[in-house]
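Scroll down for the structure; my scribbles are underneath it.
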Amino acid sequence: MVKYRAAAGFLAGAVVALGAGWVAFPRVLYRRAAQPLQFSHRLHTGERVGLACEECHALAADGRFSGIPRIEKCAACHAEPQGKTADEKRLVEEYVAKGLEIPWLVYSRQPENAYFSHAPHLKLAKLKCEQCHGPQGEGDSLRPFERNRISGYSRDIWGRSISRLRRARWEGMKMDDCSRCHARSGVHESCLTCHK
Amino acid sequence: MKTRVSRRDVLRFASGSAIGLALSPLPWKLTDDLAIWTQNWSWIPRPPRGELANRFTTCTLCPAGCAVRARCVGDTPVSLHGLPRDPLSGGTLCPLGSVGHHLAYHPARVAGAIRQLGRRGRSRAVPVQAEAAVAEVGKAIAAARARGDTVAVLDGRPGSAGSWALRRFASSLPGAVRVPAPGREGRWLEAVAAAAGDGSTAYGCDLERAGSVISFGALLSAGWGAPGRARALLARAGKGATLIEVDSRRSASATAARRLAIASDGEEALALGLAHVLLADGLVDPASLRQSRDVAAFSAVIRGFTPERVAERAGVEAGEIVALARTLAAHRPSLALGGEDPAAGPLAPGAAAAVFALDVLLGSVGGAGGLVPVRPVPPPEGGEDVTAPVELEEVADGSVGVLLIDASAGGVTLPWHWLERKLVGARAVVAAFSPYRAGLALRADLVFATPAYLEAYADAPTPAGEALASYAVAAPLLVPRAGAADPIVWLRRIAAAAGVATPSSLSSSEQVVRSRVDAIHRSGRGSVVDPADGSIRPIAAFASPEALLKALVAGGRWVDDAEPPRSAPACSLLGACGGRWRELAAGPAAPRADAAKFPLRLQLSGRRDAVASAATSPVTAKLYRESGLRSRPGTATVNPATARAAGLRPGQRVRVETGAGALGAPLACDAAVLPGVVEVAVGPDGVALGDRGAQPDATALDLAGTDGQGGWRSTPARLVEA
C-alpha cells in the first residue's frame with residue numbers, strides 16, 4: 001500500500017506537469033487574435049477567379065517581394081461587394097471605400113534583427129511559395145493569428161508543434177530552420193548574411 | 001480511512017512534477033522565448049523596414065578603402081557588402097567594414113564637446129558648451145605660442161581629406177607642427193622613397209608581376225595594403241608565385257602564404273643574412289649594383305652577416321637562410337616588402353633599411369614586379385604650399401603645449417606614453433576630434449564630436465603599396481548626429497579663438513574632396529572603374545569635374561594610368577645604418593642592461609579590423625571574445641615552455657610588466673608562440689565593444705615601445721603571478 005501510494009504521488013506530479021507542459025502551456029503562451037477580415041485563398045486561386053499567388057503577392061522584376069497586397073489591389077475587383085457575406089460588406093465599406101489598408105496580422109513576419117530577402121530564394125533557388133509558407137493558398141478561411149506573449153513573435157516562426165517534433169517540412173521559420181535548409185542545399189551563410 | 005498528506009508525499013509529487021516538466025517542452029521553449037525577450041529591449045535601435053535599394057560607396061574605416069555595396073531601406077543602410085569587381089578589394093570586406101553601419105549608433109558616441117576629468121584614460125566625462133571648449137583650446141594655443149611651446153596636431157590618417165585641412169592649419173599657425181601617426185601604413189615605402197633617389201618619387205609594389213614576395217612585418221594575407229591584391233597573389237601561389245611572410249608572431253590564418261617564424265626583432269638580421277648569401281653566391285642583380293653608391297662599403301659590412309651568425313639572432317637555421325636567398329634569386333622578379341602592422345606598428349629603422357638593401361640586391365627597385373614609382377593623387381587646391389610633416393620622434397620631449405589629436409577617421413594605434421612624454425607637463429592641453437569617447441580620445445582633456453563613418457564626406461586615397469594611384473569617395477548616407485562637426489570646422493573655430501587667420505580654402509571635408517576631384521579631372525589622367533558592373537571609363541569621358549564627382553560618389557574608383565618604366569635610381573645601400581650594422585657584424589650585442597629584469601619580449605598582435613577603429617559594433621563581441629578566430633584582447637599568450645619556466649599555469653591571472661607599466665591579464669598557452677615571447681592582442685576593448693564603463697587601467701599598447709628602437713614591435717617584458 002505504501003509502495004503504491006509513493007508511486008501514485010510521483011505519477012500524479014508527473015501527469016500534472018506533463019499536462020501543464022504539453023497542453024496548458026501552449027494555450028497560455030500564445031494570444032490568439034482574429035484577422036480583421038475573413039478571406040478565402042481557395043476561392044481566389046480556384047477556377048472561378050483563377051489568380052496566381054504572385055498576382056496579389058507581387059514580385060518586382062529583380063525578385064523583390066512587395067508583401068501583402070495593398071488596398072488598391074483589392075479595390076480593382078472589390079469596388080463593389082462581390083458577395084453577400086458580412087466580411088465582403090466590411091471590406092468594401094470600411095477599407096475600399098475609405099482607402100484604408102487592411103491591418104492584416106502577418107503569420108510569417110520575421111523579427112527585427114533578421115533581414116530576409118525573397119529575391120535569392122525565388123530567383124536563384126527557385127523555391128515555391130509553399131515550401132516555406134505551406135498550403136496557405138488552399139484555405140477557405142484565415143486561421144487566427146497567434147502571438148507569443150513573451151517574444152512577441154508569430155507562432156508560425158516556431159511552428160504549430162510546441163515540441164517541434166512531427167512538423168511538416170514547411171513548418172517553422174527559426175534560424176535553425178533556415179540554416180538546415182541552407183546546409184541541405186549547400187548554401188554558404190554567415191551571421192551577417194541575415195543579421196544586420 | 002483517513003489519508004494524510006505527508007512531507008514525503010509533497011516531495012514525491014514535486015519530484016514527479018520536475019521530471020514531468022523536463023519531459024515537456026515547457027522549460028526548453030520558455031528558455032528560448034526568454035532569450036529572445038532579452039534581445040528586444042525598447043532602447044535597442046531598430047532598423048527601418050521598407051523597400052530595399054543598393055547604394056555604392058567606399059569604406060573609409062581603414063586606409064584600404066574597400067568598395068562597398070550598402071543595402072538601404074529608404075536612406076538608411078541596413079547591411080554592407082564587398083564588391084567583387086573592385087580592383088583593389090576584390091570583394092573583401094573585413095568584420096569591421098561589414099558592421100560599419102552600426103558605428104553611428106555606438107554607445108560611446110560623443111555629442112558636442114565634453115570635458116574629461118580625472119586621470120587620463122580613467123576619466124569621467126562632463127558635457128561642456130562647445131563655444132567654451134573652443135575658446136579654452138584657442139586660449140591654450142595662444143598661451144603656448146607666447147611661451148614658445150609647440151602646438152602639435154596628430155594626423156590620424158595622413159593623405160585623407162581631413163589630413164589636408166590639418167596641413168593647412170599647421171601651416172597657418174607659426175610654431176605648429178603636423179605629426180603623422182607613427183604607425184601609419186606605407187611608412188616603409190616613405191623610407192624607400194627617401195633612400196632611393198631624392199625622395200620626390202613615391203614607390204608602390206608591383207605584386208601582380210612579382211614572381212616571389214617576401215614580406216617583413218607586412219602581413220599581406222591579413223590585409224596589408226589593399227586586400228584584393230594579396231588575395232590575387234595568394235591565388236597565384238603554387239602556380240609559380242611565392243609569398244613568404246616573415247613574422248615573429250603566431251599565424252592566425254591558414255593561407256597559401258608560407259609563414260617563416262623568426263625570433264623577436266629578427267627581421268633586420270634575416271634581411272642582412274639574405275643579402276650576405278646573395279652577394280656571396282653572386283646572385284645579385286648587376287645593373288642595380290651599378291646604381292648603388294656604396295656597394296663596396298656595404299659588401300664589407302655584410303661579410304659579417306654569415307648565415308651561421310645570423311641564424312641565432314634571427315631564429316632561423318643557416319641552411320634555411322641560404323635556401324631562401326636562392327629561392328628569391330631563382331623566382332625573379334622578387335620583391336622584399338617591409339611594412340607596418342596594425343597593432344605592432346612600423347618596422348624599426350634598421351630593419352626597414354635592411355629590407356630596402358635586399359630589394360636593391362634583388363634588382364627590384366624601379367623594375368616590373370618590384371618597387372615601382374607611383375604618381376601621387378593630385379592634391380587639392382592650395383595643397384602644395386604646406387609645411388612638411390614632422391615625425392613624432394623628431395618632436396622634442398617636454399615641448400608640446402597643445403596637442404590636437406585627429407581621430408575622426410578611425411583609431412590611432414600608438415602607445416600613449418610616446419605622446420605623453422612630448423607634453424610640457426600638467427599645463428599641456430590635449431584635445432581630440434573623435435566620434436567616440438574611446439581609444440586615444442580617452443586621454444584628452446576635451447573631446448570634440450565629429451561625424452561617424454557614413455555620416456560625412458570622406459575619401460580613400462591610394463592604399464599603401466599600390467602600384468597605381470587611386471582615389472575613391474564616401475558620400476554621407478546617414479544624417480550626422482546633432483553636435484557633431486567636421487574636424488576642419490572645429491579647427492577653424494579653434495584657430496579663430498586663438499586669433500589665427502586660416503585660409504578659406506579647405507573649409508570642410510566635402511570641399512577638400514571636391515577640390516581633389518577637380519584636380520584629378522584637370523590632370524586628365526586615369527580612368528574610373530565602376531565596381532558595380534566592372535566597366536571602365538577614361539577620365540576624358542567625364543565632361544566636367546561635377547560629372548566625375550557624381551561617378552565617384554556613386555561608388556566609382558579613379559585609378560591612374562600606368563607610369564612608363566624608369567631606370568633604377570642611384571641609392572645608398574648602407575643609408576644611415578652603416579655604423580649600426582658594423583657594430584652588429586662585429587659580434588653579439590652586449591646584453592641589455594634590463595635583460596635580467598625583463599627576460600621576455602612583449603609582442604602585440606591585432607588585425608586591421610580589430611584596431612582600425614576606436615569603436616566597433618557590439619555584434620562583433622563574439623568574434624573577438626569567444627570565437628577563437630581572432631586573438632582574444634587582453635590575454636597574455638605564451639609558449640608552454642615559457643609558462644613552465646616562469647612557474648605559471650594557463651588560466652591563471654598574471655601581470656605583464658614592462659618599463660612602461662603593468663597589465664593584468666589571464667594567461668593562455670599556445671605552442672605556436674615562440675619561447676621567450678609574451679603575445680598580447682590589441683583588439684577592441686570593452687569600450688570599443690560598447691561597454692562605456694569598461695575603461696581599462698592600461699592597455700597592451702601602453703606597455704610597448706620602451707626600448708628606444710623606433711617602434712613598438714617588441715618590448716622587454718616579464719610575467720609575474722598577479
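Numbers restart at 1 for each chain; the letters A, B, ... are given by sequence-line order, proteins then strands. Just so you know, these numbers use all the heavy atoms, side chains as well, and skip hydrogens, waters and symmetry mates.
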Intermediate values then yes/no, side chain to side chain contact (heavy atoms under 4.5 Å, CB included), Leu26(B) and Leu29(A): CA-CA 10 Å; Leu26(B) 190 147; Leu29(A) 183 63; over 6 Å; no
Part of Ile36(B) lying under 4.5 Å from any heavy atom of chain A: side chain
What's the shortest heavy-atom distance between Ile19(B) and Phe10(A), and which atoms? CD1-CZ, 3.6 Å
Ala17(A) to Ser17(B) - nearest heavy-atom pair and separation: CB-O, 3.1 Å
Assert top hit (heavy-atom pairs under 4.5 Å, partner chain A, pool Leu21(B), Val5(B), Thr38(B)) equals Leu21(B)
Kindly determine whether Ile162(A) and Trp28(B) satisfy side chain to side chain contact (heavy atoms under 4.5 Å, CB included), including the steps that lead there. CA-CA 10 Å; Ile162(A) 192 72; Trp28(B) 324 111; over 6 Å; no
Does a sphere of radius 6.0 Å around CZ in Arg143(A) hold more than 12 heavy atoms from other residues, nucleotides or ligands, not counting ones at 6.0 Å or beyond? yes
Looking only at heavy atoms, what is the nearest atom pair of Gly21(A) and Ser24(B), with distance? CA-OG, 3.4 Å
Take atom CZ in Arg149(A); do more than 12 heavy atoms of anything else shown fall under 6.0 Å from it? yes
Compare all side-chain heavy atoms of Ser163(A) with those of Lys29(B) and state whether any distance is below 4.5 angstrom. no
If you count the non-hydrogen atoms of other residues, nucleotides and ligands that lie under 6.0 Å from CZ in Arg632(B), is the total more than 12? no
Is the number of heavy atoms from other residues, nucleotides or ligands under 6.0 Å of Glu626(B) CD greater than 12? yes
More than 12 heavy atoms of other residues, nucleotides or ligands under 6.0 Å from CZ of Arg70(A): is that the case? no
Heavy-atom neighbours of Arg90(A) CZ exceed 12 at 6.0 Å: yes
Checking Leu11(B) against chain A: side chain, backbone, both or neither under 4.5 Å from a heavy atom? neither
Minimum heavy-atom separation for Ser151(A) and Asp33(B), please, with both atom names. OG-OD1, 4.0 Å
Closest non-hydrogen atom pair, Trp22(A) against Leu23(B): NE1-O, 3.2 Å
Against chain B, work out which of Ala8(A), Ala24(A), Gly9(A), Gly13(A) has the most heavy-atom pairs shorter than 4.5 Å and name it. Gly13(A)
Answer with side chain, backbone, both or neither: which region of Pro111(A) has an atom nearer than 4.5 Å to a non-hydrogen atom of chain B? backbone
More than 12 non-hydrogen atoms from neighbouring residues, nucleotides or ligands closer than 6.0 Å to CZ on Arg7(B), yes or no? no
Asp32(B) and Lys174(A) ion-paired at < 4.0 Å: yes
